[in-house]
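Read the structure below first, then the notes.
So that the names make sense, note that chain A is the first sequence line, chain B the second, and so on, each numbered from 1.
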2 protein chains.
Amino acid sequence: MNIGEIARRAGVSRSTVSYALSGKRPVAAATARRINEVIAELGYRPNASARALAEGRTRTLALVIPPASRRLTNVQLDFVATVVEAAAAHDLDVLLSPSGGDHDRSFERIVTGRRVDGVIMMEILLDDPRVTRLRQNELPFVTIGHVEHPGGSWWVDVDYAALVRRCVHHLADLAHRHVVLINRSAELVAAGYGPAVRSTAGFQEAAEQRGLSAHVVCCADEPAAGLACFEQIRARRPEVTAVVTINEAALPGLQRALHRAGLVVPRDFSITGVIADRLAEDFHPPLTAADVPAEEMARLAVDLLVERIADPAADPRHALLDPVISLRSSTGARPAR
Amino acid sequence: MNIGEIARRAGVSRSTVSYALSGKRPVAAATARRINEVIAELGYRPNASARALAEGRTRTLALVIPPASRRLTNVQLDFVATVVEAAAAHDLDVLLSPSGGDHDRSFERIVTGRRVDGVIMMEILLDDPRVTRLRQNELPFVTIGHVEHPGGSWWVDVDYAALVRRCVHHLADLAHRHVVLINRSAELVAAGYGPAVRSTAGFQEAAEQRGLSAHVVCCADEPAAGLACFEQIRARRPEVTAVVTINEAALPGLQRALHRAGLVVPRDFSITGVIADRLAEDFHPPLTAADVPAEEMARLAVDLLVERIADPAADPRHALLDPVISLRSSTGARPAR
DNA sequence: TTGTAAGCGTTATCAC
DNA sequence: GTGATAACGCTTACAA
């Protein structure tokens with residue numbers, strides 16, 4: 001069933017049906033009613049492909065996610081869920097594209113096949129080939145995270161460097177002298193994953209400024225790695241009294257390791273970092289930490305993208321969020337030796 | 001740039017370019033080479049909407065997920081990631097549709113707008129209006145989970161009833177006499193969510209068969225609820241020595257509650273249930289539990305759907321998986337009083 | 001207020 | 001082996 005069928009049954013032309021549907025031209029009340037009755041009766045909906053072809057837009061967004069092999073973290077998950085929801089609020093559908101490197105069929109299909117009106121990309125590297133690729137096409141896009149030289153692109157991100165700097169200052173204020181940053185996995189760091197690299201920079205900068213002895217360790221995104229990582233720190237650097245972490249997935253392992261070592265937080269050891277609030281509250285004791293406002297970022301990304309699609313000539317915009325650190329109870333003064 | 005432009009530059013007709021691309025008709029080697037050169041040079045790719053309109057298929061699948069408001073569980077997340085990956089293996093894109101009840105714009109848009117060639121739906125209720133809706137349309141679909149009367153539909157599911165029955169028998173074999181099932185949230189049970197309802201049935205059936213005193217409690221999908229839930233069980237039914245659970249999200253809270261109550265697992269208390277393997281192994285001690293093989297299910301669902309799309313007249317197929325219970329170390333003999 | 005008709009970019013059926 | 005050309009179902013000037 002198509003628009004012609006509706007037109008025939010309502011005794012009008014196809015264009016009238018189209019206009020009745022879109023409201024782009026006034027239609028007599030009686031005619032509109034007749035048309036709507038027929039539409040309701042037959043449960044008609046315009047064919048999306050035909051409409052996209054005629055209009056030159058698909059009413060669809062692409063969301064580029066990391067490949068399934070790399071298990072999604074909670075934060076990433078929140079991005080996906082919220083992007084979908086925010087897009088739905090604009091009556092936009094979301095096409096998922098798992099993509100890692102630049103040779104990616106799904107990504108290419110979407111980008112050059114005019115399958116979508118715009119793209120949201122997450123897990124951005126400092127030097128990301130996909131960003132380069134999208135810049136060549138004239139497909140509007142917004143990134144969650146930002147490349148090293150964002151130039152005229154549109155993006156939203158959290159200021160990891162500032163956040164981690166603040167964590168270090170907080171620990172320094174509590175008289176800690178030896179601190180460690182538990183980073184994301186070595187592969188991510190090697191690939192130039194923004195948050196991992198920027199956290200390191202902020203950590204070292206603040207530590208130097210406060211004259212702390214500071215070390216950075218990479219840790220795979222899983223509990224077992226967190227446990228091993230902490231035990232290694234205890235073995236190699238027994239003088240360390242506090243850690244900063246941006247590795248959510250390692251947290252349960254960290255918790256277990258602390259327990260196993262007989263350390264009481266924050267009496268014997270302090271922990272802080274960038275951690276989703278629900279995880280931070282789940283920790284025992286609740287973690288003093290900054291939360292990545294994933295929902296806000298995702299919503300913002302969609303809004304920016306919609307804006308950019310509506311006005312391709314608009315000046316580039318971005319947002320660097322700087323969430324507060326919630327003082328809970330996982331940090332305390334450096335323990336007396 | 002379109003196929004006409006390619007044809008012009010290659011000095012052939014549009015149809016020849018189309019055939020060179022699809023291979024549905026032989027093209028002279030020299031001609032094909034010329035065409036491919038032009039295509040490569042210009043980075044041409046057929047417009048997806050136009051192709052969909054002409055071919056009558058979109059090369060896209062829809063994945064209907066629970067609305068974002070209800071946070072996705074790990075298992076659901078695995079479904080999403082694997083479906084996307086499996087679809088990509090077939091060169092199919094995936095459109096995400098968050099949908100709860102039946103009044104859903106996104107769902108309707110996708111179903112009646114011919115936006116996709118088929119639908120995969122998860123989080124199925126025993127009496128699910130969306131299944132009814134899809135049956136009316138002649139849109140191929142496969143569900144992860146199954147309605148009470150699946151009739152001629154296509155689905156994959158895990159046999160929750162059998163799994164939970166087996167857990168109960170296992171506990172009975174260990175001489176436990178008083179057991180509790182920690183179910184999913186009360187809302188899910190009330191809504192008729194398959195796994196929640198079928199688990200209850202299997203639990204009660206097996207308990208009755210073995211003459212156990214058995215109770216079922218609902219528990220919201222979050223750690224705090226798990227903690228509260230367990231403390232309530234201890235307070236109201238101190239005689240209980242073992243629980244079966246299908247509520248992954250509540251697990252950390254359960255763990256904490258056990259610890260707080262000074263109970264050592266499995267010496268003082270036994271736990272088992274249906275839990276993703278990586279969570280089961282993360283528990284302390286590792287949980288004796290059956291794992292929902294989310295990846296296998298998702299992959300199977302995609303394969304079935306592809307098959308159904310290719311042959312709409314094919315006989316309905318389904319798969320009721322029955323994963324083994326991994327004996328780890330969270331269950332033991334009933335403690336002496 | 002409504003109808004006619006020309007696209008939109010493909011695919012596929014005829015011809016040659 | 002290749003080229004016209006008619007669909008596919010819709011939107012949108014342009015007429016009336």
- prompt: Of all the choices, D:dC10, C:dG3, C:dT1, which nucleotide is nearest to the side chain of A:V12 once you look at every atom?
  reply: C:dG3

query: Can you tell which of C:dT10, D:dC10, C:dT2 lies closest to the side chain of B:P46?
result: C:dT10

Nearest-Å distance for atom pair [atom1]/[atom2], residues [X] and [N]:
X	N	atom1	atom2	value
A:Y19	C:dA5	OH	P	15 Å
B:I6	C:dT11	CD1	C1'	16 Å
A:R14	D:dA15	CZ	C1'	17 Å
A:R57	D:dC10	CZ	C1'	13 Å
B:R8	D:dT2	CZ	P	19 Å
A:L21	D:dT12	CG	P	12 Å
B:R51	C:dT10	CZ	C1'	8 Å
A:R115	C:dC8	CZ	C1'	17 Å

- prompt: Will you find, in the side chains of A:R114 and B:S49, an N or O donor that is under 3.5 Å from an N or O acceptor?
  reply: no

Does [N] have OP1 or OP2 sitting under 4.0 Å from an N or O in the side chain of [X]?
X	N	answer
A:K24	D:dT11	no
B:T31	D:dT2	yes
A:N47	D:dG9	no

query: NA contact type, A:G113, heavy-atom cut-off 4.0 Å: base, sugar-phosphate, or nothing?
result: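 Here A:G113 touches no strand at all.
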
- prompt: How would you label the contact of B:S22 with the nucleic acid (heavy atoms, under 4.0 Å): base, sugar-phosphate, or nothing?
  reply: nothing

Salt bridge check: are [X] and [Y] linked by an N-O gap of less than 4.0 Å?
X	Y	result
B:D157	B:R198	yes
B:E296	B:R299	no
B:R105	A:D91	yes

message: Both A:L53 and A:R25 contact DNA chain C. Which one's nearest nucleotide lies toward the 5' end?
response: A:R25

query: Taking for each residue the nucleotide of DNA chain D with the nearest heavy atom, is it B:G11 or B:E55 whose nucleotide lies nearer the 5' end?
result: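 Result: B:G11.
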
field: First encountered from the 5' end of DNA chain D, between B:P26 and A:T16
entry: B:P26

query: Could one point to a donor on the side chain of B:S18 or the base of C:dA12 with an acceptor on the other under 3.5 Å away?
result: no

query: Per the atom types in the model, does the base of C:dT4 pair as donor or acceptor with the side chain of A:S15 at under 3.5 Å?
result: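 Under the 3.5 Å cut-off, the side chain and the base do form a donor-acceptor pair.
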
task: Answer yes or no: is there a side-chain heavy-atom contact under 4.5 Å between B:L92 and B:V306?
output: yes

